[in-house]
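Notes for the one structure printed next.
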Amino acid sequence: MHKLKITGGKRLIGEIKISGAKNSALPILAASLLSSKNITLTNVPQLKDISTMLTLLQSMGVEVIFDEKMRLILNAKEIKTFIAPYDLVKTMRASILVLGPLLSRFGEAEVSLPGGCAIGARPVNLHIEGLRAMGADIQVKNGYIMANAKKLYGADYYFPEISVTGTENIMMAAVFAEGKTVIGNAAKEPEISDLADFLRSMGAEIEGDGTDEIIVSGVKKLQESSHEVLPDRIETGTYLAAVAITGGRVLLKNTSSKFLESVIEKFKLAGADIQTGNDWISLDMHEKKLKAVNFETTPYPGFPTDMQAQFCALNTVADGEAEMRETIFENRFQHVVELHRMGANINIKGNTARSVGVPKLKAAPVMATDLRASAGLIIAALAADGETVIDRIYHIDRGYERIEEKLKQLGAIISRDSS
Ligand code: EPZ
């Protein structure tokens with residue numbers, strides 16, 4: 001099992017480039033199933049989840065080529081199977097995103113139920129409900145979603161609970177559906193708009209993305225297209241937190257503050273000096289200690305659940321007390337028990353964690369439980385006294401491209417123990 005070793009206490013200073021957004025690239029890769037023409041993608045992050053999605057697409061017959069300029073070229077002309085098998089889906093829940101495109105273009109899909117993960121049960125009932133509203137016949141048996149639809153019809157579907165990948169699946173399914181689909185209570189994340197931009201570039205007719213009502217008018221076919229994946233706002237926030245906890249300063253390039261307003265507001269409340277440009281963000285703590293900040297995770301444009309563990313880590317050594325409420329997932333505080341091992345003073349009651357800042361954390365052996373929890377532990381380790389060893393870091397490799405390299409560029413003392 002790979003481990004990361006981090007010796008804390010160094011002030012991080014420097015500049016790094018942000019990669020493309022994992023949660024934008026994944027639905028866009030799945031959307032390549034909709035077209036028989038070449039799709040060319042740039043700024044696709046090199047992550048475990050991306051290679052898992054590419055393996056899944058290739059298993060169905062999608063041609064995948066990386067060209068000499070590291071652009072990703074996909075072609076789904078010859079699809080020979082409509083199955084997303086359990087052994088792939090269990091390693092990456094976002095595989096559920098092939099359901100909508102397969103049904104829309106081929107009228108058939110057999111996708112393993114993703115099952116839960118560390119942060120919650122992660123049901124996909126709303127994806128299924130939305131597709132049934134469009135005329136799909138969907139049975140769930142032996143752990144698989146068996147979906148068939150001679151034709152999908154435009155429908156009005158109102159999400160009883162906001163779902164990011166649920167919105168994406170229905171939007172992709174509606175591309176070839178007959179007539180108009182109105183998605184109510186749609187997710188408004190920037191990754192939804194990035195997917196809509198990509199689909200429109202192929203000829204899909206979509207409007208309202210970024211609002212809570214998305215309207216898709218079915219078309220007959222799509223043409224070839226190229227698209228640059230949006231910068232990763234969660235990677236951006238994660239590195240801002242990594243530098244902030246050490247009292248350092250950083251310039252993040254190839255990113256945008258446009259999609260991080262709620263996070264930047266919290267960094268400013270914590271005492272960070274943040275400047276922004278159209279494709280960069282800088283943070284300078286002027287060697288000051290952070291102030292503790294309260295927050296509550298809510299759907300976009302609120303404070304993102306994917307930044308909760310990172311701010312938990314910040315609050316463990318910040319001045320004062322903080323209240324942190326997780327309203328999206330039912331079990332997303334697993335990093336807290338690991339932070340306790342490092343001397344953090346955080347108590348959980350229901351979906352709320354209360355922290356009291358301590359002067360210093362102590363290095364300890366800890367275990368990553370999920371992608372963003374791992375990021376929280378790395379952030380804590382950067383400020384802890386001594387060498388922290390983080391186990392099960394395959395979680396981190398799913399969502400952060402070349403993390404040691406980027407942190408080393410900022411002066412971090414970090415190494416990977418692959419023994
Ligand atoms: C997406 O997951 C992201 N993943 C998650 O990022 C992110 O944390 C989450 O949205 C919330 O922002 C990708 O985009 C690949 P949801 P998703 O459907 O779509 C409930 C990361 O760290 N729900 O918006 O799976 C669900 O249980 C990952 O990069 C149903 O009940 O999340 C949750 O409580 C982690 N039934 C809430 O809705 C459904 O059919 C929001 O989930 C679907 C969802």
Side-chain angles (χ1 to χ4, degrees), residues 19-31 45 47-50 52-53 56 89 91-100 111 113-133 138 140 145 157-173 183 185-195 212 229-230 232-238 259 262-263 296-310 326-332 334-335 351 368-376 395-401:
S19 304
K22 166 179 84 80
N23 291 350
S24 184
L26 289 171
I28 286 172
L29 288 174
L47 299 168
K48 182 82 186 77
D49 274 7
I50 298 297
T52 304
M53 178 63 89
L56 173 60
V89 175
T91 64
M92 206 242 336
R93 312 185 64 272
S95 313
I96 190 75
L97 285 164
V98 302
L99 181 59
V111 178
L113 277 171
C117 73
I119 63 178
R122 312 291 297 275
V124 290
N125 59 309
L126 303 180
H127 298 237
I128 292 171
E129 248 176 57
L131 294 169
R132 280 179 173 151
I138 299 188
V140 178
I145 300 166
Y157 180 70
Y158 183 87
F159 274 90
E161 181 168 0
I162 291 175
S163 168
V164 172
T165 50
T167 301
E168 290 164 347
N169 242 336
I170 303 309
M171 193 161 73
M172 290 188 282
I183 305 172
N185 201 22
K188 299 183 271 196
E189 272 69 3
E191 293 76 25
I192 305 262
S193 296
D194 202 31
L195 172 63
D212 58 7
V229 172
L230 189 74
D232 195 316
R233 61 192 169 98
I234 303 300
E235 185 194 22
T236 302
T238 301
F259 309 123
S262 60
V263 174
E296 176 179 87
T297 66
T298 57
Y300 193 87
F303 187 86
T305 175
D306 291 349
M307 282 297 301
Q308 179 255 100
Q310 296 90 320
E326 171 58 60
T327 72
I328 307 293
F329 291 110
E330 67 269 28
N331 190 33
R332 202 169 198 178
Q334 299 205 60
H335 42 282
N351 71 345
T369 50
D370 60 85
L371 170 56
R372 306 303 174 183
S374 329
H395 291 292
I396 199 94
D397 295 332
R398 299 187 45 183
Y400 290 94
E401 188 178 39

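Order of listing sets the numbers, starting from 1, for every ligand and every atom in it.
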When you check the side-chain N and O atoms of E401 and S19, is any donor under 3.5 Å from an acceptor?
yes
So, Q334 side chain and A118 main chain: donor-acceptor pair closer than 3.5 Å or not?
yes
Who pairs with R332 by salt bridge (charged side-chain N to carboxylate O under 4.0 Å, His left out), at least two apart in sequence or on another chain?
D306
Side chain to side chain contact (heavy atoms under 4.5 Å, CB included), paired with T165, selected from E191, H127, R122:
H127
Donor-acceptor under 3.5 Å (N169 side chain, I96 main chain):
yes
Between I192, V229, L29, which is the residue that forms a side chain to side chain contact (heavy atoms under 4.5 Å, CB included) with S24?
V229
At a 4.0 angstrom heavy-atom cut-off, ligand 1 is contacted by K22, N23, R93, A94, R122, P123, V124, N125, L126, H127, E161, I162, S163, V164, T165, T305, D306, I328, F329, R332, L371, R372
